Amino acid sequence: MAIGEKTVNGVACGSEPRVPADRPNDERYDAQRVETKWFERWQQDASLYAAEPDSTKKKYYVLEMLPYPSGALHMGHVRNYAIGDALARYMWMNGYNVLHPMGWDSFGLPAENAAIQNNTPPRLWTLRNIANMKGQMKRLGFAYDWAREVTTCLPEYYRWNQWFFLKLFEKGLAYRKKSKVNWCPKCATVLANEQVVNGCCWRHEDTLVEQRELEQWFVRTTKYADELLAGLDKLEGWPEKVRTMQRNWIGRSEGTRVDFKLDYAENHTGFGPAGSTIPVFTTRVDTIYGATSVQLAPEHPIVKDLAAANPELRAKVDQLIGEQRKAREAGDIGEIEKHGVFTGRYAINPFNSERVPVWVANYILMDYGTGAIMSVPAHDERDYEFAKKYGLEVHIVILPVSGDPDDTVAEPQLPFAGHEGMLINSGRYNTLACEDAIRKMSAYAEENKFGKATVTYRLKDWGISRQRYWGTPIPMLYCERDGIVAVPEKDLPVILPENVDITLTGGSPLERVPDFVHATCPKCGGAARRETDTMDTFVDSSWYFYRYTDAHNDRAPFDGRAAQYWFPIDQYIGGVEHAILHLIYSRFWTKFMRDLGMITNDEPADRLFTQGMVIKDGRKMSKNIGNVVSPDVMVARYGADAARLYSLFAAPPDRDLDWQDSGIEGIQRFLGRVYRFVMRNARPDHADWRKPVPPELPAVARGIQRKLHQTIKRVSDDFQGRWHFNTCISAIMELVNVLYASEEAIGGNEVPVPFLADVLRNLVLLMAPFAPYLAHELWEMLGEKGNLLKAAWPKFDVELAKEEELEIPVQINGKLRSRIVVPRDATEAVVLERALADEKVKAAIAAKQVVKKIYVPGKLVNIVVK
RNA sequence: GCCAUCGUGGCGGAAUUGGCAGACGCGCAUGGUUCAGGUCCAUGUACUCGCAAGGGUGUGGGGGUUCGAGUCCCUUCGAUGGCACCA
């Protein structure tokens, strides 16, 4: 059946009354019937949402974060995709060339867990889930270009992960090192720093992460630390919250490295190699004359050396290590009770040659800065607390200076950590201001080669090795003769084998697949062992959106020209939980690809929108709590339009949404009201149906017209600006309420048919981004033959939207006392005169004196009396 | 501890720039339609005094700026999220 063939759905057409006797007034909108009909039609046309580069049109790339195929969509997905789909449809209607793709982030642990539990191979389980969820998405009516579908667990995708890895390796951005890594015992694999939340695994909030010493592959994200940070300032289309979170995560800190020489005056063995130094990092080198000790992290290599020769010290250090680890795992390192132990050794402050004791303390972290600090009790809270506890000396070297010249410089209250100060007791730096001193002292340290102005980051390189099966094999070989050897590009992809025994006993499952492990060294032709770890799945999602631009390329990850046309993403939409993980990795990957010459954009997405969570009964929807609402059930009960519309209506999209079953029923009612109104009043066969709207309309029609144009303005403005779709929808509801109130007049002949047609068409167009099924059905009912998807978005006329008369509230001393009605172009004098003539106003100001009269044009009058 | 966001009816929420607080929806109440229930249609619904007309109060609390504050400023309490002995 062609679109438009069946037009009026049984409604009698012509000049007869539009409420036929044989049709009850209360017919329910049968969402299932209508949605099934359009679902089938849309299924038949695969090219409906296809996007191809077209230089004659402005492009718009709208992207929602791709889901993990866990089995079924949840309401969070529906909400995310309803937002993106509304935007995509709105942009189509505004004539843009829209790219709106979807894919599957389909590697990862749940597939392996499912494999263990139900004895289903991960691949089968995953592909089955994808099929189901794709069906759900289609049923929900989301307009994706499925020809560009990306499935990350398929070799045609993950081979490019491997290809990128080779490039990273080539450029020195992928490297292998042995280090302490985060280990989740439940996942039986390593986690990136970003995947550790409060000392626990991001997937298992109750499982403490352990530290293990392992040889791992790392990606040098820190190479771009500065650019990742600086770029945030330019990402004005990103929520400030996300930018702040990334700034915190990168944690750039400017300071100075200063090397304290170990004092060998009294010897020794086991205190590092002779002449060795302890580099410390400080942001306050200006306070260095006040340093009265050096504090080392318990895991500092020098401590290890020293402890090896001193069992007593060793026992104490072990205790400190234990305390620190415990506090870290509990996530309250910030509250750890400070403990320390004197090593018995001294170091030399290079600025004043003072000999200071070297301590080990449990609050010093090995993985930040240099793992050692200089302790300045007078000017640092922590150092002060520690010094008081252990009786270390306190040397004041900064005096606070206020802006007030009469305020003489006084003894500071300790500890004084402020920057507004002047140096004292600091040799040739005395009287300098702090900031000035920092610069001069850093320079001096560098000239004399015992230090340097340095920048330290909290951000660490990204550990990507995972001891799991269901992921991209890392394309590396280990040869006895040649060491670490990359798999040649021509041998990609390294295929992930099937039928692998998956257990969570530790170690990579792939280790137990001899066919996989045994390989040939491409350099010497000898036997080599294949890397059996797989990549973190965040590699997959770091660049997937580029693949959409050229999804079937088998010679490259994507064609640069395709990416050039579509990128950057105009609008990216997803949950805020990815603010750090995915969004920092993918920004890194974009910069890396740019430096490879593959793309020209510096950032992946111009604008980012983070939608709120879906909550029910005050808690996040979750299977564990048992408060999940199934999209399938909602679709079956109320229809896809209702589920989508409700998820947009119940709250502004950036806020959490409190799901209420009764709310979606209200939306169902609203859809029925729209349906019934259009059904009753559409007269596409009427002779005047397609005639132009007359310039002069009767009062009732004019009232409707005004409301219509106000509504178009409100909805359009919101799409352009703040995206409060909840108010867009309530605006449309108001319009429909006005139409209902005027229906009697419409039934009489007070509303000219061409105008009626105009109203109904515009109503349907306004609904189209939010409720596509109903809108398509009604569009057809109105006798429209063209595809609603690309029908022009309605334009509003500011003049037509204006009220002819204004109701102006009149306040007396700021309290509302009356209202007056004035013509919309009434002058201030006229308005004030009428306000003062108003009976209620007169009564209220009778015995008083008018002090002031304020008129805010078009808004209100305030009369001040005393 | 630091930073960010947010506190509005019985509930979800509206008020975009300092200008009518509570749009829209849910719920509830009343009436109509119906044999009845549901559906649908209409009306009402912040609190409070009052039969009513009409008055008073009201956006977490306190203070301030202003003719006028949910909105701006100070302060305080609470919720959520992020960072956290980060040297």
Side-chain angles (χ1 to χ4, degrees), chain A residues 24-28 197 239-249 251-253 255 280-284 295 297 324 327 331-338 361-365 367-376 380-383 385-386 456-458 576-577 579-580 612-613 615 646 649-652 654-667 669-670 672-673 676 714 717-718 721-722 724 726-734 736-737 740-741 743 807-816 818-819 840 851-856 858-865:
Chain A
N25 215 7
D26 60 350
E27 181 185 305
R28 269 189 106 142
V197 181
E240 191 51 50
K241 180 178 159 185
V242 171
R243 297 199 279 169
T244 305
M245 282 166 74
Q246 291 209 357
R247 275 188 202 109
N248 286 343
W249 188 262
R252 184 179 199 271
S253 174
V280 305
F281 176 74
T282 176
T283 55
R284 293 299 302 273
Q295 305 278 344
Q324 187 175 84
D332 61 356
I333 183 82
E335 269 105 68
I336 193 170
E337 199 188 327
K338 291 180 183 55
N362 62 355
Y363 69 97
I364 308 298
L365 308 170
D367 57 9
Y368 185 78
T370 58
I373 64 156
M374 61 177 203
S375 178
V376 185
D380 183 281
E381 251 169 70
R382 294 155 300 173
D383 295 349
E385 186 191 335
F386 192 87
T456 298
Y457 297 94
R458 217 187 71 96
V576 75
E577 65 273 19
I580 292 171
M613 286 187 305
I615 306 279
Y646 177 65
F649 177 68
D654 53 343
R655 291 245 290 264
D656 286 350
L657 184 158
D658 186 52
W659 187 276
Q660 296 183 348
D661 285 337
S662 58
I664 192 171
E665 285 174 22
I667 287 294
R669 271 199 282 273
F670 167 64
R673 268 166 82 80
R676 281 188 299 277
R714 278 177 69 180
D717 284 354
D718 247 307
R722 49 174 209 165
H724 280 194
N726 55 331
T727 58
C728 289
I729 292 162
S730 61
I732 300 172
M733 286 173 171
E734 284 181 49
V736 172
N737 289 347
Y740 265 76
E743 198 170 7
E807 193 188 58
I808 303 288
V810 182
Q811 296 181 337
I812 291 165
N813 287 347
K815 288 209 178 251
L816 182 68
S818 185
R819 297 162 199 277
K840 284 181 195 160
V851 179
K852 200 171 178 184
K853 291 173 279 188
I854 294 153
Y855 174 52
V856 184
K859 287 272 168 65
L860 108 176
V861 169
N862 189 14
I863 297 164
V864 186
V865 298

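Below, each value reflects all heavy atoms present in this structure, side chains not excepted, and no hydrogens, waters or symmetry copies. Treat the numbers as computed from the prediction; the structure is a model and nothing was measured. Protein chains get the first letters and strands the later ones, always in sequence-line order, with residue 1 at the start of each.
Regarding contacts with the backbone of B:C24, every side-chain N or O of A:R669 stays at 4.0 angstrom or more from both OP1 and OP2. In terms of phosphate contacts, A:K241 brings no side-chain nitrogen or oxygen within less than 4.0 Å of OP1 or OP2 of B:U5. Of the side-chain N and O atoms in A:R673, one or more sit less than 4.0 angstrom from OP1 or OP2 of B:C41. At B:C83, none of the side-chain N or O atoms of A:T244 fall inside 4.0 Å of OP1 or OP2 (strictly under the cut-off). Under 4.0 angstrom from either OP1 or OP2 of B:C83 there lies no side-chain N or O belonging to A:R247. Of the side-chain N and O atoms in A:R382, one or more sit less than 4.0 angstrom from OP1 or OP2 of B:C86.
Judged by closest nucleotide on RNA chain B, A:K815 is the one of A:Y457 and A:K815 placed further toward the 5' end. Across the interface with RNA chain B, nearest-nucleotide mapping of A:E240 and A:E734 shows A:E240 to be the residue nearer the 5′ end.
Atom CG of A:D654 and atom C1' of B:G13 are 13 Å apart (whole Å). When rounded to the nearest whole Å, the span between CD of A:E743 and P of B:A42 equals 9 Å. Spacing between atom CG of A:L365 and atom C1' of B:A87 amounts to 9 Å, rounded to whole angstrom units. Separating the CG atom of A:N737 from the C1' atom of B:C41 is a distance of 12 Å, rounded to the nearest angstrom. Spacing between atom CD1 of A:I729 and atom P of B:G25 amounts to 12 Å, rounded to whole angstrom units.
The glycosidic torsion of B:G9 lies within 90° of 0, placing the base in the syn range.
Rounded to whole Å, the separation between the P atoms of B:C26 and B:G60 comes to 26 Å. Nucleotides B:G13 and B:C6, compared at atom P, are 13 Å apart to the nearest Å.
Of the candidates B:A21, B:G13, B:A87, B:G13 carries the atom nearest the A:R655 side chain, counting heavy atoms from C-beta on. Considering only the side chain of A:N726, B:G13 comes nearest among B:G19, B:C26, B:G13. In the set B:A87, B:C40, B:A14, B:A14 carries the atom at the smallest distance from any side-chain atom of A:H724. For A:S662, taking side-chain heavy atoms from C-beta onward, the closest of the listed nucleotides B:A87, B:C26, B:G12 is B:C26. Between B:C83, B:A14, B:A87, one nucleotide has an atom nearer to the side chain of A:Y368 than all others, and that is B:A87. Looking at the side chain of A:F649, the nearest of the listed nucleotides B:G12, B:A87, B:A21 is B:G12. Checking B:G25, B:A87, B:U16 against the side-chain heavy atoms of A:R722 singles out B:U16 as nearest.
In this structure, A:K852 and A:N862 have side chains that are not in contact, with every pair of non-hydrogen atoms separated by 4.5 Å or more. Looking only at side-chain heavy atoms (C-beta outward), A:I615 and A:R655 stay at 4.5 Å or farther from each other.
Residue contacts for A:G251: at a heavy-atom cut-off of 4.0 Å it reaches no nucleic acid atom on any strand shown. Among the heavy atoms of the strands, none lies under 4.0 Å from A:Q246.
In the interface, the side chain of A:N862 is paired with the base of B:C67 through a donor and an acceptor atom under 3.5 Å apart.
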| request: List the steps, then state whether salt bridge (charged side-chain N to carboxylate O under 4.0 Å, His left out) holds for A:E385 with A:R382. | output: CA-CA 5 Å; A:E385 186 191 335; A:R382 294 155 300 173; over 6 Å; no
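Here B:G38 sits opposite no nucleotide as a Watson-Crick or G-U wobble pair (both hydrogen-bonding atom distances under 3.5 Å). With both pairing distances under 3.5 Å, B:G58 is matched to nothing as a Watson-Crick or G-U wobble pair. B:C28 is paired with B:G44 under the Watson-Crick or G-U wobble criterion, all donor-acceptor distances under 3.5 Å.
Distance check: A:L816 CG to A:L860 CG gives 8.5 Å after rounding to the nearest 0.5 Å.
A salt bridge is absent between A:E743 and A:R676; no separation between the charged side-chain nitrogens and carboxylate oxygens falls under 4.0 Å.
Using cut-offs of 30° and 60° on the angle between ring planes, the pair A:F386 and A:Y363 is tilted.
A:I812 and A:V865 make their closest contact through CG2-CG2, 3.9 Å (heavy atoms, listed as atom of the first residue, atom of the second, distance).
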